[in-house]
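A note on names: the letters A, B, ... follow the listed sequences, proteins ahead of strands, and every chain is numbered from 1.
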Amino acid sequence: MSASTAGPNPDNQIPKAPAEVGVSGSVTDLTPYLPPVDSEYDLEMTDLKGPEEAPAPVEVIFDCSDVEVHYGEHRAIRDVSLSFGLREVTALIGPSGCGKSTFLRCLNRMNDLIPGAKVGGHVIYHGQDLYADEIDPVQVRKRIGMVFQKPNPFPKSIYDNVAFGPRVVGMEGDMDEIVERALVRGALWDEVKDRLTENAFGMSGGQQQRLCIARALATDPDVLLMDEPCSALDPISTGRIEDLMAELKERISIVIVTHNMQQAARVSDKTAFFTVEMAEDEKRRTGVVVEYDATDTIFTNPSDKRTEDYVTGKFG
Amino acid sequence: MNAVSTTSAERVRADLVRARSARSARESLIKGLLFLAALLSVATTTAIVVTLLQQTISFFGEVSPLAYFAGTKWTPLLSGDQQSFGVLPLLWGTFYLTGIGLLVAVPCGLLAAIYLAEFAKPKVRKTVKPILELLAGMPTIIFGYFALTFVTPVILRDVFGIPVSEFNGLAAGLVLGLLVTPTIASVAEDAMRSVPQSLREGAYGLGAGRLQVALRVVFPAALSGIVAALILGASRAIGETVIILIAGGQSPSMSLNPTGSFQSMASFIAATARGDIPQGTLKYETIFVVGFTLFCVTLLLNAVSTRVVSRYRQVYE
Ligand SMILES: Nc1ncnc2c1ncn2[C@@H]1O[C@H](COP(=O)(O)OP(=O)(O)OP(=O)(O)O)[C@@H](O)[C@H]1O
Ligand SMILES: [Mg+2]
């Protein structure tokens, strides 16, 4: 954690994973003057910059304001201001090309990898601007994992796929245990425990995608970004991954892009609807957020006509 | 054709038939030409192998295969008791100099490939790649004279103070390495660039740094292509003639000391074929038997490489 543990400044510090926060909370039990529950609460709250986020009932982990992304000359999204809560599932929906993936990739600085991509605005994660100069994108991606649209296992054994993350981040502990835990959390352990040394390319598409989820979970991220994780899968595999998300939600926050309305309605707590806007002067299209609210509201009682048309299938 | 009296169905049919037959004539012409081209190359190869085989069989009528394959003295051009047909010194010269070359070319070529594929800015890559390909296609006589007139006297003697003879295996081997480095770099770079971007993204998404992505994901994923690059480089070095002829000397040796003179199979063939040995003699046949040996070695290498490549091949959908 080169950049973020640099000083005593608590604003600079990205808090540890929830499990570890629990541990440090019990350490403060030793201090007789502070009740442990309060101290844990304080610990988390002091890490939060911007208490002005008033109406959100849950703790905010991501606070994005006026995010815009340019690919070269082309502005792909603008004025995206969204905040995501701790241990919530947030769905991003909208027509193709409206910049859902583009926005998602801002959240763990994946857009850095695209030559010519420029990100503007603020992406505040636990009080820390992820695009500040001193932030190391590699460290960001260690905490904020990602699952892609197409399963992308490495051409290695199942075991080595899962162990890859822990190895590169230098995780301590018994690797066999780490791998097993990740595969159990990825709801894949029972299917693969006897074939851990086999090449991951021999698995079915659904298994490969769950392997990619397990792989992302192995490093204990705080947030999982999922870009249409089920779009290449059959309904049964999709159902499994949705169940999995419901379990994961107990511990981590999830932001998921999906084209499947039912899926968004089933798995998410909140939903943001994006759309494309034609600029008057230029021919290029730019993505904007139309509406962001509780999933129930978006699907049953949206306040914007465009949202209603989209979720009821009248779009286009 | 009477367009007025034909019904529209007949007209359509007539059109279809005409168009089809014109195209099929052109297609069969092209097919025939392609077949001829393929036939020509197969015929050439067959002719070469047959010629080599004829002379080789005739050679082994006079010299026992044991004396050839296990003999440690290669002096076929001398006469009487001095004459000896042990091919081992030529094999040794070939592989020893290739080894020295690969010692240079494998690390340099692979590092260059990793740099170009994973670290270089697109602009740098666009400039360097054609230069590499140009280098790989440069006439080897230039490399040969570079070894003889620069590497031996300046680099080896003056800079490093190594007491090498004028014709020596070290200079030849090192320059052999220079020769094949661009080949290895270029082919390995192609292999690494063809690794799908999604694998890189997956690795970056897990918190891997650039070097880790390059070494732990891209390199192993491109392994079959990289092995192919190495084998291509090795077979180029094994078949290389002119550099060794010019800078490596012409006396076969089985020494481990690279400062002396060496001869390889290819350079023996070149040196001997250029002399005035009369056709039909045993000395003349040595050219072919060594040629056949070289042919077999290269064939073996190619077979091994095909096996290796197909074994490590990864299928990306
Ligand atoms: N790497 C890139 N380089 C240039 N332009 C890009 C790149 N990636 C996306 N874009 C552009 O940005 C806009 C938004 O694309 P994005 O992939 O974010 O949309 P999306 O909402 O995820 O679409 P889909 O639902 O089809 O996945 C599009 O106009 C696209 O052409
Ligand atoms: Mg997308």
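Distance alone, capped at 3.5 Å, places no donor-acceptor pair between the A/N152 side chain and the B/L199 backbone.
For B/E201, the parts lying under 4.5 angstrom from a heavy atom of chain A are both the backbone and the side chain. For a residue to count as touching a neighbouring chain, one of its non-hydrogen atoms must lie under 4.5 Å from one of that chain's; by this rule A/P153 touches chain B with the backbone only. Using a 4.5 Å cut-off between heavy atoms, A/F148 contacts chain B through its side chain alone, with no backbone atom that close. The contact between A/R105 and chain B is made entirely by side chain atoms (from C-beta outward), counting heavy-atom distances below 4.5 Å. For A/I144, the part lying near chain B is the backbone, with the side chain staying farther off; criterion is any non-hydrogen pair under 4.5 Å.
Interatomic distance, B/Q212 CD to A/R167 CZ, rounded to the nearest 0.5 Å: 12.0 Å. A/F154 contributes atom CZ, which lies 11.5 Å from atom CZ of B/R200 (distance to the nearest 0.5 angstrom). Interatomic distance, CZ of A/R141 versus OH of B/Y204, reported as 7.5 Å (0.5 Å rounding).
Counting heavy-atom pairs under 4.5 Å between each of A/L113, A/L225, A/T219 and chain B puts A/L113 at the top.
When every heavy atom of B/L206 is checked against every heavy atom of A/V169, the shortest pair comes out as O-CG1, 3.9 Å.
When the shell of 6.0 Å around CG of B/L39 is examined, it contains more than 12 heavy atoms from other residues, nucleotides or ligands.
You'll find the side chain of B/P220 reaches within 4.5 Å of the side chain of A/K156, heavy atoms only.
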